[in-house]
There are 2 protein chains.
Amino acid sequence: MTPTLAAQPVFRRKSLHEDLTEGIREQIVNGSLAPGTKVPEKELCLHYGVSRTPLREALKALATDGLLTLEPNRGAWVSKITQEDLDEVFPVMGALEALSGELACKHITAAEVRKMRTLHNKMVKYYEQRDLANYFDVNQHIHEAILDAARNETLSTQYRSLATRVRRARYVANMTQERWAQATDEHEQIMQCLEKRDGQGLSVVLKTHLENKLATVRDWLKDNDQPPAA
Amino acid sequence: MTPTLAAQPVFRRKSLHEDLTEGIREQIVNGSLAPGTKVPEKELCLHYGVSRTPLREALKALATDGLLTLEPNRGAWVSKITQEDLDEVFPVMGALEALSGELACKHITAAEVRKMRTLHNKMVKYYEQRDLANYFDVNQHIHEAILDAARNETLSTQYRSLATRVRRARYVANMTQERWAQATDEHEQIMQCLEKRDGQGLSVVLKTHLENKLATVRDWLKDNDQPPAA
DNA sequence: TCATCAAAAAATGCATTCATAATTCATAAT
DNA sequence: ATTATGAATTATGAATGCATTTTTTGATGA
C-alpha cells in the first residue's frame, strides 16, 4: 500500500547559503565568533565543507542584518556591541515592542493566552530553582509568543533582527538577584495585561521591561571590554 | 605643484556588489523592475557589465531587505505590494516615525530647524505650482531630515528599509487635490511642532500623516492589480 | 633598539566553469 | 483536441582560478 500524495509534506529544499547564514548567525549570537574579531573565511569554509562562494553570500546577508561589517578588500568583521549601539537599538526595540503589545491584545485568542500562562508558570518555576539557562529559554518563547499574537510578520522580522544584535550581550550579562526578581514580576504584569486585553498597559509594561533589560546589559558592558578591532 | 595629501578626499572604494545593490534597488523602487516579475539575472549582468557573482551577492542583500524573494533553484522575484503588506508595514513605520519625532525634538538644533523651514517653504511653493515630482523630492528630504535629527542610525536604517518597500507604491499612487492640500497642511503642523520642540505633538502628527498616506496608497492599490507571479 | 621600506605571503573581489535542477518544447497517447 | 511524457534548452548553485589589494615578514639603515 502506497501512501497518498497529500499525506507527504511539501518538500521545501533550502539552499546552502541559507543554512550557512543561520549557522554563522548562531555562532555570532552564542559568542563563538566574538564581537570585534575578524571572520575567518577560510576556516569557516573548511568547517562547513563548502566553497567560498556560498559562504560569502551568507556573509553579505548577515552584513545587511548588521551582525557583520564588511570592509572592502579587508573582509568581514563581527560587529562590536558598544554602549552607543545599545542606546540606539533599545529605543527602537521599545517602540516595536510597545506596538507588538497593542496589536497582540487586539488579536490574541483565549487559547493562546492560556498557553502563555502555562509558559509563564514554567518560567516562574525555573526562576524559583534559579535555573538561568532554562529561564532564558522559556523567556524567549514568551516574547516570541507575544510577537506571534501581534499577527504582523514585518514587525516580527524587524524586532528579531534587532533582538539578535543585543542577544549576544544579554546572554553573557548576568542578572543580580534583585533584577531577576523584578523581571519575573514584570512578566506577571505582562500576563495580567494580556488576560485583560489591556493593550495600553501592556505597551507600557513591555517598554519598562525592556528598559530594565538595557540597564542590566549596560552594567555588564561597563565591566567587560571587547577586542579593539572595528 | 602637487596637491597636498590632506587635501584629497578619503577615497573610500565601494565594492561592486554595493553599487549593484543600490542600482537594482533603484530599479525596483522606480518600477522599472515591476512587482511580481522575475529578476532577469542575465540581462542585468549585461546591463551593468558584470559577472553573475557580484550580481547574485546583491540579490541576496536585497532579499534580506524584503525587496526580493528568493526561491531556491528558481531565482529571484520582485516582491509584490499587496494590501496585506501595506497593512503590516504601515503600523510599524508609524511606531518608528513616532519615535523619530520624539527623538528629533530632543536633539534637533536651531540651525537644523531653520534649514527645514526653508525646505518646507520650497515644498509649499512646488505644491502651489502643482509640481508633483519636485514636491515628492523635497518631501523626501524633509522626512530624511527628521530622521537625521533623531540621531539614531538604527532607527534611520530600519525606517528606510520599510519606506523603500512602500515607496514603489507611493510613487505611482496619484494624490487627489484634497489629499494633497491636507498633506501640505500636515507638513505645516510638523514644522510648528519642531519649532516648539513638541515631541509628543510631532509623534501624533507624523503618525496621522502616515495613516493618511496609507489610505492614499490603499485606494490606488484597489484599482491597480499586479502580475500574478509570486 | 627602533623605524622604514621592500618583497613575500595571504586574502579578497570578481570572472569563469561545471554540475544539477527547472523549464520549455516537441512528440506520442488517449 | 487535449493531456501526458520525455528530451532539449535554459537557468541556477556552487567550485575553482586569476588578478589585485592588503597584510605580514624581514632586511636595511639610522
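Letters A, B, ... are given to chains in the order of the sequence lines, protein chains preceding strands, and every chain is numbered from 1. These figures come from a predicted structure and were not determined experimentally.
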Could you tell me which nucleotide pairs with C:dA28 by Watson-Crick or G-U wobble geometry, both distances under 3.5 Å, or answer none if nothing does?
D:dT3
Rounded to the Å, how far apart are B:Leu44 CG and D:dA11 C1'?
14 Å
B:His187 and B:His143 aromatic ring geometry - parallel, tilted or perpendicular at 30°/60° bounds:
perpendicular
Between B:Glu41 and B:Thr53, just flag the one whose closest nucleotide in DNA chain D comes earlier from the 5' side.
B:Glu41
Quick check on C:dT12: is either OP1 or OP2 less than 4.0 Å from any side-chain nitrogen or oxygen of A:Arg52?
no
Could you check how far CD of B:Glu43 sits from C1' of D:dT10, rounded to whole Å?
14 Å
Do A:Lys60 and A:Glu57 sit within salt-bridge range, that is, some charged N less than 4.0 Å from a carboxylate O?
no
Spacing of A:Leu20 atom CG relative to D:dA14 atom P, expressed in whole Å:
8 Å
Tell me which nucleotide among C:dG13, D:dA11, D:dA15 gets nearest to the side chain of B:Lys38.
D:dA11
Rounded to whole Å, the CG-C1' distance (B:Leu70 to D:dT12) equals 11 Å
Does a side chain donor of either A:Asp219 or A:Thr216 reach within less than 3.5 Å of an acceptor in the other side chain?
no
Among D:dA15, D:dG13, C:dA15, the one nearest any side-chain atom of B:Val50 is C:dA15
Distance check needed: D:dA15 P versus A:Leu46 CG, whole Å only.
12 Å
Kindly point out which of D:dA11, C:dT12, D:dT22 is positioned nearest to the side chain of A:Arg74?
D:dT22
Is a donor-acceptor contact shorter than 3.5 angstrom present between the side chain of A:Ser51 and the base of D:dA14?
no
In this structure, how many angstroms lie between the P atom of C:dG13 and the CG atom of B:Leu16, rounded?
11 Å
Any ion pair linking B:Asp131 and B:Lys122 (charged N to carboxylate O, less than 4.0 Å)?
no
Between C:dT12 atom P and B:Glu57 atom CD, what is the distance in whole Å?
13 Å
If you measure from the Lys or Arg side-chain nitrogens to the Asp or Glu carboxylate oxygens, is any gap between A:Arg165 and A:Asp65 under 4.0 Å?
no
Grab the CZ-P distance between B:Arg56 and C:dA15 for me, whole Å please.
14 Å
Taking only side-chain nitrogens and oxygens of A:Lys42, does any of them come within less than 4.0 Å of OP1 or OP2 of C:dA9?
no
OP1, OP2 of D:dA14 versus side-chain N and O of B:Lys60: anything below 4.0 Å?
no
